[in-house]
Structure formats: C-alpha cells, structure tokens
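Read through the structure below, which is laid out as structure tokens, and then see the notes.
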Amino acid sequence: MAVHAGEEHVPKKGIKDNGLLGVWLGLISFTFTFAVFIVSNVYLRGWSPDVFNVTLPENVQDLVNYNVLLLVALGVLTMAGGISYKKRREGIAFSLLALAMIAAVGYVVIDWSLIQSYRALGPAAWTAYVIVQAIMEILVLICIVLYLRAFYFKMRKNEKSLNRFIPGATAVWMYTMIMGLFVFIQCDLIEVGEFAEWCGIKLAQLGNL
C-alpha cells in the first residue's frame, strides 16, 4: 500500500484520449473569449482610425518584429521536438523543447517591454492593444509552465506520464504560436511584406558585423 501511495497517478488510455479532447475544447472556448478583444481592436481602429490607428515608433516596431520571430521559433522548435519524441529520439526532442522554452522566455521579456511601450504611447495605444498583448503574455507563460512540467516528467523518467502529457501540451504550444501570428497580422501590428523587408535589413546588418 505504501508503494502504491508513493506512485504518481497515471490515467488510463481512455482518460488520456478524453484529456486531449478536453484540451482542444478548452482552446476552442478560449478562442471565442480572445476573439472578443481582437474584434474590439479591429472595431476601434475602424470606428475612429485617426485616434486608434497608432503608428508605432521604429524601436517599438522592432520589439513587435522580434516577438514574431520568437513565436515562429517557438512553434518550429516545438514541432520538431514533438516529431523527434514520437520517433523516440528523446535527447534531440528535449534539446529542441529547451530551445523552444528559451524562445518563450525571450518572448515574455520583450512582450512586457512592448506593453510598457504601448502605455508610454498614450491612451489610444493602451486601449487598443494592451489587453490583446497581455493575453498573449499569459498564453506564453502557460507554455513555459508546460515546458517545465515536461522536463519534470523527463527527470523523473516517467515515460507513461510523458506519453500522455506531450500531445496535450503540444496542442497548447502550437495554438499559442498560431494565435500570436494571427493577432499580430489582424491587429495590423505587422504587414508581411514590411516584416520580410525588416528581416532582410537585420540579416544584412548581421552580415556586415
């Protein structure tokens, strides 16, 4: 009895499947809530473009662009890590997930600076953008907690828990990347052409170092 009390409870297979379904249903429900604030942003900018269409200073736009790069890195590294885990290449998988977590931490740091920049730009920028940006901050913080939880299971060598945890966590990680990119584009924080040009300029600057 003492041995059983010390073991971690691991759900059975059917519970695992229901858990993954629950994750997706939760994400779908959250999307409707998040959409309210995204639509509010679009409405405000359409209702009074002279007030709420804020032109970001170059240094603030740089923060936005860096966050886009970090989100893409988070998604790509996580997907590659998930594929490696499925192929039982756990060393590679957790190295990639560690890099993805670093990208997530970088995003949180820059996003906090971005929120403070909106505040400094005045009430219009604060009203239109700060709630959407704060929700993204919370999403990425949740991602970091999930990365840490995956590493906890790995250190405990708890393969059963990992096999049940990784699919649901991966859904949250990929959802965060997709929603983040959608927010940046839908809220007119970036334009694809301008973002590509910015990337080219930054690469050229790195090449000249």
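Values reported hereafter were calculated over all heavy atoms of this structure, with side chains retained and with hydrogens, waters and symmetry mates removed. Owing to the predicted nature of the structure, the values given are computational and were not obtained by experimental measurement.
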Can you measure from [atom1] ([X]) to [atom2] ([Y]) and round to the nearest 0.5 angstrom?
X	Y	atom1	atom2	value
Leu77	Ser95	CG	OG	11.0 Å
Leu162	Arg156	CG	CZ	11.5 Å
Glu194	Ile201	CD	CD1	10.5 Å
Leu114	Met136	CG	CE	11.5 Å
Leu74	Met174	CG	CE	8.5 Å
Ile142	Trp173	CD1	CH2	13.0 Å

Which atom of [X] lies closest to which atom of [Y], heavy atoms considered:
X	Y	value
Ala150	Ile166	CB-CD1, 4.3 Å
Ala125	Tyr118	CB-O, 3.7 Å
Ile92	Ser84	CG2-OG, 3.7 Å
Leu70	Gly106	CD1-C, 3.6 Å
Thr78	Ala100	OG1-CB, 3.5 Å
Leu71	Leu181	CD1-N, 4.0 Å

Name all residues meeting the side chain to side chain donor-acceptor pair (under 3.5 Å) criterion together with [X]; count only those two or more places apart in sequence or in a different chain, and write none if there are none.
X	value
Asn67	Asp111
Thr176	none
Glu90	Lys154

Checklist entry - Hey, mind stepping through Leu69 and Phe195 against side-chain contact (heavy atoms from CB on, under 4.5 Å) and telling me if it holds? => result CA-CA 10 Å; Leu69 289 177; Phe195 177 71; 3.7 Å; yes
Checklist entry - Any ring pair (Phe, Tyr, Trp, His ring centres under 6.0 Å) pairs touching residues 53-112, not counting sequence neighbours? => result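 Counting only pairs at least two positions apart or across chains, the ring pair (Phe, Tyr, Trp, His ring centres under 6.0 Å) contacts touching residues 53-112 are Tyr66-Trp198, Phe94-Phe151.
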Next on the checklist: Atom NZ of residue position Lys202 - does it have more than 12 heavy atoms of other residues, nucleotides or ligands inside 6.0 Å?
Outcome noted: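 It does: Lys202 NZ has more than 12 such atoms within range.
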Next on the checklist: Using a 6.0 Å cut-off, check whether atom CD of Glu197 has over 12 heavy atoms from anything other than its own residue.
Outcome noted: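 Incorrect, the count does not exceed 12.
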Do you reckon [X] sits in the same ILVMFWY cluster as [Y], going by side-chain contacts under 4.5 Å, direct or chained?
X	Y	answer
Ile185	Met179	yes
Leu96	Val72	no
Val145	Phe153	no
Leu148	Leu146	yes
Ile135	Ile110	yes

Checklist entry - Of all residues at least two apart in sequence or in a different chain, which pass the side-chain contact (heavy atoms from CB on, under 4.5 Å) check with Ile83? => result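 Met79, Lys87.
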Checklist entry - Looking at residues at least two apart in the chain, or sitting in another chain, which of them share a side-chain contact (heavy atoms from CB on, under 4.5 Å) with Val108? => result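 Partners of Val108 under the side-chain contact (heavy atoms from CB on, under 4.5 Å) test: Glu137, Val140, Leu141, Ile144.
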Next on the checklist: For a 4.5 angstrom cut-off between non-hydrogen side-chain atoms, does Leu121 reach Pro57?
Outcome noted: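 Leu121 vs Pro57: side chains touch.
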Item to check | 4.5 Å side-chain heavy-atom contact, Asn158 and Lys160 | outcome: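 The answer is yes; the side chains approach within 4.5 Å.
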Next on the checklist: Please determine whether side-chain contact (heavy atoms from CB on, under 4.5 Å) holds for the pair Phe184 and Gln133, giving the CA-CA distance in whole Å, both sets of side-chain angles, and the decisive distance to 0.1 Å.
Outcome noted: CA-CA 9 Å; Phe184 282 127; Gln133 208 70 52; 3.8 Å; yes
Checklist entry - For Ile115, which of Ile131, Val130, Leu63 qualifies under side-chain contact (heavy atoms from CB on, under 4.5 Å)? => result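 Of the listed residues Ile131, Val130, Leu63, the side-chain contact (heavy atoms from CB on, under 4.5 Å) partner of Ile115 is Val130.
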